[in-house]
Amino acid sequence: MGRLTTPPGGPPSVTTAAFAVHGEVGSPLTLTVADLRDGWRQHRADVVFECASSGPRHHTFEGPLLREVVSDARPDFDVTRRRDRSRFLLAVTGGDGHHTVLSWGEIDPDFGAVPALLATTLDGVALDLVGSQLAVPTDRCGARYISAITSVWVGARLASGPGAK
């Protein structure tokens with residue numbers, strides 16, 4: 001896949017393979033790959049995506065749904081109000097600094113229902129030492145596959161203009 005590279009500062013250790021789920025949430029989380037494996041139902045995604053430089057890539061990911069993990073952090077929206085949920089974003093950052101943004105509506109079963117995973121295994125290999133990987137099985141290319149996740153920010157308040165917080 002080409003995204004499992006050593007992040008700046010050297011290879012991750014078991015302690016640095018943890019990541020934070022934070023932002024506009026009631027219960028921020030710090031999770032490891034083992035936590036993801038033990039705390040949520042595991043889903044499997046067999047994916048093929050086009051790599052601009054090397055053609056089609058075939059991979060199998062296993063892990064919990066991003067939506068289920070983030071829901072346990074209790075995002076600050078009213079779960080009964082669709083419009084409230086649909087305004088939230090998720091920014092996922094990896095150990096190499098690469099990041100991507102998804103909307104809650106994309107992964108919510110009332111909207112896009114994309115089965116985005118926080119992978120615990122890639123092609124049968126446990127990711128405990130390198131960290132979880134975001135897998136978006138519906139994407140045609142792998143640009144939103146984030147390796148060695150360090151952070152999942154959840155929120156609706158976007159900063160704008162000078163001095164915005």
Side-chain angles (χ1 to χ4, degrees), residues 1-49 51 57-77 79 85 88-139 141-155:
M1 182 150 168
R3 300 282 314 142
L4 289 177
T5 58
T6 303
S13 69
V14 173
T15 56
T16 60
F19 67 93
V21 179
H22 62 102
E24 295 173 45
V25 297
S27 298
L29 303 171
T30 300
L31 301 168
T32 63
V33 172
D35 295 331
L36 293 173
R37 187 179 303 106
D38 297 339
W40 291 270
R41 179 175 163 233
Q42 302 295 289
H43 298 263
R44 180 184 172 113
D46 294 312
V47 302
V48 178
F49 58 85
C51 223
R57 303 290 223 129
H58 302 261
H59 293 289
T60 300
F61 295 91
E62 291 184 30
L65 293 173
L66 173 63
R67 177 187 75 248
E68 293 174 354
V69 174
V70 172
S71 290
D72 281 0
R74 297 189 2 243
D76 293 340
F77 54 66
V79 296
R85 295 190 323 249
F88 270 68
L89 302 172
L90 298 96
V92 181
T93 303
D96 62 358
H98 186 72
H99 60 274
T100 195
V101 176
L102 297 97
S103 69
W104 185 266
E106 235 179 311
I107 62 173
D108 190 302
D110 285 341
F111 299 102
V114 169
L117 300 178
L118 293 172
T120 59
T121 67
L122 168 60
D123 298 330
V125 177
L127 296 174
D128 295 75
L129 295 179
V130 295
S132 181
Q133 181 166 339
L134 176 68
V136 187
T138 56
D139 283 3
C141 72
R144 294 197 300 176
Y145 285 63
I146 305 297
S147 299
I149 295 172
T150 58
S151 171
V152 177
W153 175 87
V154 181

Quick one: closest heavy-atom pair of [X] and [Y], and the distance?
X     : Y     : value
Ala73 : Val21 : CB-CG1, 3.7 Å
Ala18 : Thr30 : CB-CG2, 4.1 Å
Leu36 : Phe19 : CD1-CE2, 3.8 Å
Ser71 : Pro75 : O-CD, 3.8 Å

Beyond-backbone contact of [X] with [Y], side-chain heavy atoms, under 4.5 angstrom:
X      : Y      : answer
Asp35  : Thr32  : yes
Gln133 : Leu127 : yes
Leu102 : Leu89  : no
Val48  : Arg57  : no
Pro115 : Leu65  : yes
Gln42  : Pro64  : yes

With [X] via side chain to side chain donor-acceptor pair (under 3.5 Å) - residues at least two apart:
X      : value
Ser103 : none
Thr60  : Asp46
Trp40  : Asp72

Can you measure from [atom1] ([X]) to [atom2] ([Y]) and round to the nearest 0.5 angstrom?
X      : Y      : atom1 : atom2 : value
Ile107 : Leu117 : CD1   : CG    : 11.0 Å
Arg44  : Thr121 : CZ    : OG1   : 8.0 Å
Ser132 : Leu118 : OG    : CG    : 4.5 Å

| said: Just to verify, which of Leu29, Val70, Val69 counts as forming a side-chain contact (heavy atoms from CB on, under 4.5 Å) with Val152? | reply: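 Single pass found, and it is Val70.
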| task | Just grab all the salt bridge (charged side-chain N to carboxylate O under 4.0 Å, His left out) pairs involving residues 108-121, residues at least two apart or on different chains. | result |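 Salt bridge (charged side-chain N to carboxylate O under 4.0 Å, His left out) check on residues 108-121 returns Arg82-Asp110, Arg85-Asp108, Arg85-Asp110.
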| query | Does Val92 offer a backbone N or O that forms a donor-acceptor pair with the side chain of Thr100 under 3.5 Å? | reply | no
| message | If only side-chain N and O atoms count, and only distance matters, is there a donor-acceptor pair under 3.5 Å linking Ser151 with His22? | response |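 On atom types as modelled, these side chains qualify, holding a pair under 3.5 Å.
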| Pairs touching residues 102-123 that satisfy ring pair (Phe, Tyr, Trp, His ring centres under 6.0 Å), sequence neighbours left out | Phe77-Trp104
| field | salt bridge (charged side-chain N to carboxylate O under 4.0 Å, His left out) assessment of Arg67 paired with Glu106 | value | CA-CA 10 Å; Arg67 177 187 75 248; Glu106 235 179 311; over 6 Å; no
Run the side chain to side chain contact (heavy atoms under 4.5 Å, CB included) test against [X] and tell me which residues pass, sequence neighbours left out.
X      : result
Arg74  : Ser27
Val47  : Ala45, Phe49, His59, Phe61, Pro137, Tyr145
Ala126 : Arg37, Asp128
His99  : Thr93

| Counterpart residues, salt bridge (charged side-chain N to carboxylate O under 4.0 Å, His left out), relative to Glu68 (two or more places apart) |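 Not a single residue meets the salt bridge (charged side-chain N to carboxylate O under 4.0 Å, His left out) criterion with Glu68.
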| request: Could I get the full list of salt bridge (charged side-chain N to carboxylate O under 4.0 Å, His left out) partners for Asp76, not counting sequence neighbours? | output: none
